[in-house]
Amino acid sequence: MAATEFFYTNRPEMVAALVEEIAGLLNEAIAARGQASFLVSGGSSPQAVYDALAERQLDWSKVIVALVDERWVPSDHSASNEDFISRHLLRGPAADATFLTMKTDALNAAEGLTECEARYAALPSHADVCLLGMGGDGHTASLFPHAEGLAAAMAQDSEMRCAVIEAKPSEVTGSHTERMTLTRRYIAAARKRLLLIAGTEKQEVYHLAKACEDSNAMPVSAVLATEIDVYWAP
Ligand SMILES: O=C(O)[C@H](O)[C@@H](O)[C@H](O)[C@H](O)COP(=O)(O)O
C-alpha cells in the first residue's frame, strides 16, 4: 500500500481540489450508509479547507465530525482544536453536523481517556474520511516522536480508538505536550486517509518519512505505509 501524491503549484488550487474530494467522499458515505464520519486535524494547514468546506451544501445533519487529536487545554483556549474546528468548520451549513470532541472535565488526559473513548464509540469501526496534517518532526495527529504513551497509541492490535500522549517538549509541540489522539489503528481503519502538507520544508520531511522504517522516530511513516492521498503545495 502506498501514498498517492496530488502535488499542486499553488495552495488555492490544492485547497479547492481537497475540498472537492472531501465533499464527494462525505456525499458518497451519506448515500451509501445514511451517514458520514469525518475525522479532522487541527493545526494551521487545514484552515482554508475547513473554511471552504463549511459553505458546501451537504446534508451536514448526517455528518459526524470528530477530532483527530486535542491539546489538553480548555475549549476556550487559543490552542484548542475544538475551538479551531468550531470556528472554521462548524458554521454556516456545516453547523448542523454532530461534533465529537476529546477534552473532558478531567484534570488530565489520562483521567479523561475513559470518557473520551466512550464518546468515540459513537463512530463506526471504519470512519469515512480522516484528514491528517504532519509536523516538521514527522508527527501526525498527536503521535509525536518518542513520546510517552506512543507505544500504546501505535500498537497495531489496539482495540482503543483514543490514546493519551505526553510529547517531548519541542519547537513543534510548544507548551502543549499533554495530548489526546486517535490511535494509529483507528486512523488506519478509516476508509480514506488524506494528508495535507504545505511548503518545501514539509515536502522534505515527507520524503524522509516515506523512507523511514522507524515509526517511533517519525510516526507519520506508519500512516504513509497505508493507502493515503497526499496533498501538497509550496
Ligand atoms: O493538534 C495539532 O497540532 C494537529 O492535529 C497536528 O497533528 C497538526 O496536523 C500538525 O502539527 C501540522 O500542523 P500545521 O498544519 O499547523 O503545520
Side-chain angles (χ1 to χ4, degrees), residues 1-6 14-43 45-46 49-50 52-54 56-70 81 85 89-90 93-94 96-102 116-117 119-134 140-143 153-163 180-197 206 209-210 215 219-232:
M1 297 206 269
T4 305
E5 296 174 350
F6 299 86
M14 173 188 69
V15 167
L18 186 47
V19 168
E20 276 312 307
E21 177 164 15
I22 294 169
L25 290 165
L26 295 178
N27 274 322
E28 282 167 23
I30 292 167
R33 290 175 291 280
Q35 74 167 22
S37 41
F38 181 24
L39 309 176
V40 294
S41 286
S45 304
V49 172
Y50 296 142
L53 207 49
R56 296 299 287 255
Q57 294 298 337
L58 300 176
D59 188 351
W60 286 100
S61 68
K62 293 181 179 159
V63 179
I64 301 178
V65 172
L67 289 177
V68 162
D69 64 335
E70 183 60 283
N81 283 339
I85 296 298
L89 179 59
L90 302 178
D96 287 344
T98 299
F99 187 24
L100 292 189
T101 60
M102 291 180 150
C116 187
E117 190 73 11
R119 288 179 189 174
Y120 273 61
L123 288 168
S125 304
H126 302 279
D128 293 297
V129 185
C130 181
L131 178 60
L132 296 167
M134 183 193 73
T140 190
S142 278
L143 303 168
M154 294 288 280
Q156 299 204 57
D157 59 353
S158 172
E159 291 298 321
M160 298 292 282
R161 295 177 173 190
C162 302
M180 189 68 76
T181 184
L182 290 182
T183 55
R184 170 216 190 137
R185 184 154 185 237
Y186 192 63
I187 290 170
R191 294 170 190 270
K192 173 66 82 172
R193 275 163 301 289
L194 305 165
L195 177 67
L196 166 55
I197 51 178
Y206 162 69
K210 274 207 305 183
S215 60
V220 72
S221 67
V223 171
L224 292 175
T226 68
E227 279 183 27
I228 187 165
D229 289 355
V230 180
Y231 283 75
W232 176 83

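Values in this document were obtained by computation on a predicted structure and should not be read as measured data. Throughout, residue positions are numbered sequentially from 1 according to the sequence presented.
- Side-chain contact between Pro219 and Met154 is present, with heavy atoms from C-beta onward closer than 4.5 Å.
- Within 6.0 Å of atom NZ in Lys192, more than 12 heavy atoms from other residues, nucleotides or ligands are found, so the atom counts as buried in its surroundings.
- Here the straight-line distance linking atom CD of Glu159 with atom OH of Tyr186 works out to 13.0 Å at 0.5 Å rounding.
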Stepwise side-chain contact (heavy atoms from CB on, under 4.5 Å) check, Val230 with Ile197 = CA-CA 8 Å; Val230 180; Ile197 51 178; 4.0 Å; yes

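- The backbone N or O of Ala188 sits nowhere less than 3.5 Å from a side-chain atom of Thr226 that would complete a donor-acceptor pair.
- For the pair Lys210 and Glu5, the salt-bridge criterion is met [side-chain N within less than 4.0 Å of a carboxylate O].
- To the nearest 0.5 angstrom, Leu195 atom CG is 6.0 Å from Leu224 atom CG.
- Residues Leu89 and Ala54 come closest through the heavy atom pair O-CB, 3.2 Å.
- The closest donor-acceptor contact from the side chain of Arg119 to the backbone of Thr101 lies under 3.5 Å.
- Taking CG of Leu182 as the reference point, atom CG of Asp69 lies at 7.5 Å (rounded to 0.5 Å).
- We find the CD1-OG1 distance between Ile228 and Thr4 to be 9.5 Å, quoted to the nearest 0.5 Å.
- Judged by distance alone, the side chain of Glu117 and the main-chain N or O of Arg161 form a donor-acceptor pair under 3.5 Å.
- Qualifying side-chain contact (heavy atoms from CB on, under 4.5 Å) partners for Ala17, counting only residues two or more places apart in sequence or in other chains: Tyr8, Tyr231.
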Do Ile22 and Tyr50 pass the side-chain contact (heavy atoms from CB on, under 4.5 Å) test, and can you show the C-alpha distance, the side-chain angles, and the key distance before you say yes or no?
-> CA-CA 10 Å; Ile22 294 169; Tyr50 296 142; over 6 Å; no

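- Of all heavy-atom pairs spanning Tyr120 and Met102, the tightest one is OH-CG, 3.4 Å.
- Note that the OG atom of Ser45 and the CH2 atom of Trp232 stand 12.5 Å from one another [nearest 0.5 Å].
- Here the closest heavy-atom approach between residue Arg185 and residue Ala155 is recorded as CB-O, 4.1 Å.
- Glu70 places no side-chain N or O within donor-acceptor distance of the main-chain N or O of Met180, the cut-off being under 3.5 Å.
- Contact record, Ile30 with Asp59: CD1-O, 3.7 Å, taken as the closest heavy-atom pair.
- Here the closest heavy-atom approach between residue Ile187 and residue Ala141 is recorded as CD1-CB, 4.1 Å.
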Tell me, with the steps shown, if Leu67 and Val40 meet side-chain contact (heavy atoms from CB on, under 4.5 Å).
-> CA-CA 5 Å; Leu67 289 177; Val40 294; 4.2 Å; yes

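- Identified under the salt bridge (Lys or Arg N to Asp or Glu O under 4.0 Å) test for residues 32-43, with sequence neighbours left out: Arg33-Asp128.
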Start with the C-alpha distance between Arg191 and Leu25, add both sets of side-chain angles, then the distance that settles side-chain contact (heavy atoms from CB on, under 4.5 Å), and finish with yes or no.
-> CA-CA 10 Å; Arg191 294 170 190 270; Leu25 290 165; over 6 Å; no

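- Looking only at distances, a side-chain donor or acceptor of Arg193 sits under 3.5 Å from a matching main-chain atom of Glu227.
- In this structure, CG in Asn81 is found 7.0 Å from OG in Ser142, a value given to the nearest 0.5 Å.
- Closest heavy-atom contact between Val65 and Ala97: CG2-CB, 4.0 Å.
- Judged by distance alone, with hydrogens and angles left aside, the side-chain atoms of Ser215 form no donor-acceptor pair with the main-chain N or O of Ser221 at under 3.5 Å.
- Proximity of a side-chain donor or acceptor of Asp229 to a complementary backbone N or O of Phe6 within less than 3.5 Å is not detected.
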